[in-house]
Amino acid sequence: MKLIIFGATGRTGIHLVEQALAAGHDVVAYIRNPAKLDLRHDRLRVVQGELTDAVAVEDVVRGADAVLATLTPQIVGGSKGMPVAAGTRNIVAAMRTHGVRRLVFSWGPSILIPRSPLMRALSRASYALLRLGPESTEVGEAIRGSDRDWTTVVVTMPHDKPGTGTVRVRTASGSGDRVRLRIARTDLARFMLAQADDLRYAQQELRISN
């Protein structure tokens, strides 16, 4: 598969790149600063660019089989201009333009958006009052509002210790395993990579842990 990875220089993203290459995939890493990615491989192409550059994002998504993203908006206070939210909208728009269906997107727990319109409004009001996670709310809504085969992967406390090889999965509807707080980044990356060509969790929000 040809995989486009956003957030490839992050602590989870680098595992995702390494595992994708080890599995035989062709990888395009779209990153702001190529100097941060020391990895070199015949099947790895590094593209420099900003998430807010809609033209560049559209160009890099062309021809992809799936898009994977590990992006982290600020949870407290938000980022000026909300670049991750803008970038997410650019990614979704580019996928629609080029007919790319599969999106696997991960970051922290604030991605979960209540389904009830009333609870969603109360959540947004609380975020605005406390300045807590407004960008995360925008990102989650951009993904959920799309018509792509998206899966959001929610984690609470990722860590850099060796993985266990086992992942607990719980859906937003409450079905599945009883999840905990912590997960190894290697296991998070492995789970995300497995979803690239597996649609069993399409258009679902998942919470996972070890």
Side-chain angles (χ1 to χ4, degrees), residues 1-31 36-47 51 57 60-72 84 87-88 91-92 94-95 98-109 111 139-140 143 146 148-172 176-177 179-180 182-210:
M1 298 178 70
K2 179 181 178 181
L3 304 178
I4 312 302
I5 298 180
F6 294 89
T9 58
R11 291 161 68 185
T12 300
I14 187 62
H15 288 296
L16 194 52
V17 173
E18 291 173 343
Q19 292 178 18
L21 291 171
H25 300 297
D26 294 318
V27 175
V28 179
Y30 185 84
I31 55 181
K36 290 185 176 182
L37 188 63
D38 295 330
L39 185 62
R40 299 292 181 270
H41 197 283
D42 290 343
R43 283 183 277 100
L44 172 63
R45 181 165 69 94
V46 176
V47 177
L51 284 172
V57 170
V60 80
V61 166
R62 181 186 292 110
D65 294 304
V67 174
L68 298 94
T70 59
L71 301 172
T72 308
V84 176
T88 302
I91 291 169
V92 169
M95 292 177 65
H98 295 299
V100 181
R101 300 273 339 156
R102 192 66 173 124
L103 172 64
V104 185
F105 204 114
S106 175
W107 81 86
I111 194 171
V139 173
I143 296 170
S146 77
R148 302 296 89 187
D149 293 326
W150 55 266
T151 299
T152 55
V153 182
V154 178
V155 295
T156 303
M157 296 176 62
H159 61 78
D160 295 312
K161 295 179 180 179
T164 66
T166 301
V167 174
R168 299 167 181 255
V169 182
R170 191 170 188 83
T171 68
D177 305 319
V179 297
R180 302 171 180 173
R182 296 173 62 80
I183 186 168
R185 294 181 191 277
T186 54
D187 288 330
L188 168 58
R190 188 174 298 109
F191 181 83
M192 290 184 65
L193 183 60
Q195 306 314 305
D197 60 353
D198 185 343
L199 296 180
R200 85 179 86 174
Y201 296 123
Q203 295 194 340
Q204 292 191 61
E205 297 164 336
L206 310 176
R207 189 179 297 276
I208 71 171
S209 72
N210 285 133

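Atoms CG and CZ, on Asn210 and Phe191 in that order, are 12.0 Å from each other to the nearest 0.5 Å. Rounding to the nearest 0.5 Å places CZ of Phe105 at 11.0 Å from CG of Leu68. To the nearest 0.5 Å, the span separating CG on Leu188 from CD1 on Ile183 amounts to 5.5 Å. Distance CG/Leu71 to CD1/Ile5: 11.5 Å, rounded to 0.5 Å. The CZ atom of Arg101 sits 14.0 Å away from the CG atom of Asp65 when rounded to the nearest 0.5 Å. Distance check, rounded to the nearest 0.5 Å: CG of Leu3 to CG of Leu44 gives 11.5 Å.
Side chain of Thr70 to main chain of Gly7: a donor-acceptor pair is present (N/O by atom type, distance under 3.5 Å, no hydrogens or angles). No donor-acceptor pair closer than 3.5 Å links the side chain of Arg45 to the backbone N or O of Asp42. Between the side chain of Asp187 and the backbone N or O of Thr164, at least one donor-acceptor pair lies under 3.5 Å. Using a distance-only test at 3.5 Å, with no hydrogens or angles considered, no donor-acceptor pair links the side chain of Thr9 to the main chain of Lys36. Proximity of a side-chain donor or acceptor of Arg102 to a complementary backbone N or O of Gln195 within less than 3.5 Å is detected. Between the side chain of Gln19 and the backbone N or O of Arg190, at least one donor-acceptor pair lies under 3.5 Å. Between the side chain of His25 and the main chain of Val27, no donor-acceptor pair closer than 3.5 Å is present. With hydrogens and angles disregarded, a donor-acceptor distance shorter than 3.5 Å links the side chain of Asp177 to the backbone of Val169.
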Original post:
Could you go step by step and tell me if Val57 and Phe6 meet the side chain to side chain contact (heavy atoms under 4.5 Å, CB included) rule?
Top reply: CA-CA 10 Å; Val57 170; Phe6 294 89; 4.2 Å; yes

Original post:
Checking side chain to side chain contact (heavy atoms under 4.5 Å, CB included) for the pair Leu21/Leu39: CA distance, chi angles, key distance, verdict?
Top reply: CA-CA 11 Å; Leu21 291 171; Leu39 185 62; 3.7 Å; yes

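Annotation for Val153 and Ser106: closest pair O-OG, 2.9 Å, computed over non-hydrogen atoms. The two residues Pro162 and Ala184 make their nearest non-hydrogen contact at O-CB, 4.0 Å. Taking each heavy atom of Tyr30 and Leu51 in turn, the nearest pair found is CE2-N, 4.1 Å. Considering every non-hydrogen atom in both Ala8 and Leu37, the closest pair reads O-CD1, 4.1 Å. Nearest heavy-atom pair across Ala202 and Asp149 is CB-CB, 4.3 Å. Counting all heavy atoms, side chain and backbone alike, Ala189 lies closest to Thr12 at CB-O, 4.2 Å.
Partners of Ser146 under the side-chain contact (heavy atoms from CB on, under 4.5 Å) rule, at least two apart in sequence or in another chain, are Val92, Arg96, Arg148, Trp150. Applying the salt bridge (charged side-chain N to carboxylate O under 4.0 Å, His left out) criterion to Asp26, with sequence neighbours excluded, gives no partner residue. Arg43 meets the salt bridge (charged side-chain N to carboxylate O under 4.0 Å, His left out) test with no other residue; sequence neighbours excluded. Not a single salt bridge (charged side-chain N to carboxylate O under 4.0 Å, His left out) links Arg182 to another residue, sequence neighbours left out. Taking Ser209 as the reference, Arg168, Val179, Arg180 meet the side-chain contact (heavy atoms from CB on, under 4.5 Å) condition, with sequence neighbours excluded.
Applying the side-chain contact (heavy atoms from CB on, under 4.5 Å) test between Val67 and each of Val60, Val28, Leu103 identifies Leu103 as the sole match.
Within a 6.0 Å radius of NZ in Lys2, more than 12 heavy atoms belonging to other residues, nucleotides or ligands are found.
For residues 10-23, the salt bridge (charged side-chain N to carboxylate O under 4.0 Å, His left out) pairs, not counting sequence neighbours, are Arg11-Asp160.
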